[in-house]
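I have placed the structure first, in the form of structure tokens, so that the comments after it can refer back to it.
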Amino acid sequence: MTLEPFGARLRHAMDTRGPLCVGIDPHASLLTSWGLNDDIAGLERFTRTVVEALADRVAVLKPQSAFFERFGSRGIAVLEKAVEEARAAGALVLMDAKRGDIGSTMGAYAATYLDKDSPLFSDAVTVSPYLGFGSLRPALDAAAVSGAGVFVLALTSNPEGAEVQRATAADGRSLAQLMLDHMAAENAGAAPLGSVGAVVGATLGDAGVDLAINGPLLAPGIGAQGATPADLPAVFGDAVGNVVPSVSRGVLRHGPDASGLREAAERFADEIRDAVSGS
Ligand SMILES: O=C(O)c1cc(=O)[nH]c(=O)n1[C@@H]1O[C@H](COP(=O)(O)O)[C@@H](O)[C@H]1O
């Protein structure tokens with residue numbers, strides 16, 4: 001079955017479920033605080049609990065691959081199952097893998113996450129453009145074929161990112177703006193929303209770049225990193241309607257009960273709605 005383009009599927013999910021993305025980041029400390037062991041059984045239980053609690057209600061679930069990879073092949077098996085179950089329950093899955101490599105190797109990453117026949121096929125994947133935007137071409141092409149999306153790092157939420165991302169390119173633009181302009185070109189003409197998204201931290205104050213890329217804007221950094229939904233209008237300005245605010249620990253720390261996770265997600269969703277509608 002051919003999928004509709006990711007941008008259209010995401011727009012629909014944001015409109016019907018609200019724009020919140022919840023990250024699945026099984027930190028060792030979270031497993032412990034849930035009363036689980038930091039082992040494969042704990043990982044499996046944690047992941048299943050989050051998917052069962054939230055996949056039928058949030059627009060996007062974003063598993064962070066590193067927390068699964070640290071358990072080797074058995075961790076990847078848990079990740080595969082989570083992707084399948086989350087998608088079956090109606091959530092879009094954004095694989096947070098932040099891949100970036102030379103184009104020919106990027107082709108293998110694209111085959112991993114963006115080929116419909118891959119066991120790890122996801123609705124979208126995070127990638128880094130800092131080996132040059134053109135190095136992402138295999139991922140952009142594979143996503144277009146399968147109806148998937150690609151979220152490209154632009155301005156990340158961590159303070160260390162600025163020394164690279166705010167640096168000035170040869171033509172005077174910041175590197176982040178250069179990347180955003182590439183994304184805008186990829187999304188030109190797409191409706192209702194392009195399938196190439198940008199990652200822009202909610203922690204940045206005023207992003208200070210042109211965010212009119214006609215694509216979704218993933219905004220991590222809410223909760224544990226200190227940003228709140230009320231910060232979104234100042235960071236994103238006119239583009240706030242395209243923002244997918246993302247929270248991991250801020251929701252996950254309310255487990256292990258499904259009701260605690262759902263209530264935390266609902267609180268963030270309410271705050272986001274208030275912040276975006278009041279902007
Ligand atoms: O791509 C991301 O999701 C991402 C980009 C970014 O700029 N900052 C950032 O924190 N993230 C991810 O978002 C999640 C944030 O987790 P919390 O701080 O627990 O909400 C982690 O999985 C990060 O890897």
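In listed order, ligands and their atoms are each counted from 1.
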Inset, instruction - Decide yes or no on side chain to side chain contact (heavy atoms under 4.5 Å, CB included) for Ile24 and Val51, but give the supporting numbers first. - result: CA-CA 9 Å; Ile24 309 179; Val51 170; 4.0 Å; yes
Should you measure from each heavy atom of [X], which atoms of ligand 1 turn up under 4.0 Å away?
X      : value
Thr156 : 7 (O)
Arg249 : 17 (P), 18 (O), 19 (O), 20 (O)
Asp25  : 14 (C), 16 (O), 21 (C), 22 (O)
Ser157 : 6 (C), 7 (O), 8 (N), 9 (C), 10 (O)
Lys62  : 2 (C), 3 (O), 12 (C), 13 (O), 14 (C), 22 (O)

Inset, instruction - Mind running salt bridge (charged side-chain N to carboxylate O under 4.0 Å, His left out) on Glu186 and Arg137 for me, showing each step along the way? - result: CA-CA 10 Å; Glu186 294 296 318; Arg137 181 53 54 201; 2.7 Å; yes
Going hydrophobic residue to hydrophobic residue with side-chain gaps under 4.5 angstrom, can you get from [X] over to [Y]?
X      : Y      : value
Leu131 : Leu153 : no
Val145 : Leu136 : no
Val150 : Leu193 : no
Leu180 : Val235 : yes

Side chain, backbone, both or neither: which part of [X] comes within less than 4.0 Å of ligand 1 when only heavy atoms are counted?
X      : value
Pro220 : side chain
Val199 : side chain
Gln64  : side chain

Inset, instruction - Fit a plane to each ring of His182 and Phe133, take the angle between them on a 0 to 90° scale, and name the class: parallel (under 30°), tilted (30 to 60°) or perpendicular (over 60°). - result: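 Ring orientation of His182 relative to Phe133: parallel.
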Inset, instruction - Using distance alone, determine whether Ser248 and ligand 1 share an N or O pair under 3.5 Å. - result: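 Indeed, backbone or side chain, Ser248 has an N or O that close.
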Legend entry - ligand 1 N/O within reach of Asn158 N/O, cut-off under 3.5 Å: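 Checking ligand 1 against Asn158, no N or O pair falls under 3.5 Å apart.
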Legend entry - Presence of salt bridge, Asp123 and Lys62, under 4.0 angstrom: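 Asp123 and Lys62: not salt-bridged.
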Inset, instruction - Inspect the contact between Asp270 and Arg267 and indicate whether a charged nitrogen and a carboxylate oxygen are less than 4.0 angstrom apart. - result: no
Legend entry - Closest approach of any protein heavy atom to atom 15 (C) of ligand 1, naming residue and atom: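 Going atom by atom, the protein heavy atom closest to atom 15 (C) of ligand 1 ends up being Gln225 NE2, 3.4 Å.
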Inset, instruction - Do me a favour and list the nearest non-hydrogen protein atom to atom 24 (O) of ligand 1 with residue, atom name and distance? - result: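 That would be Lys98 NZ, 3.1 Å.
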Inset, instruction - Could you tell me whether ligand 1 has any atom less than 4.0 Å away from a heavy atom of His27? - result: no
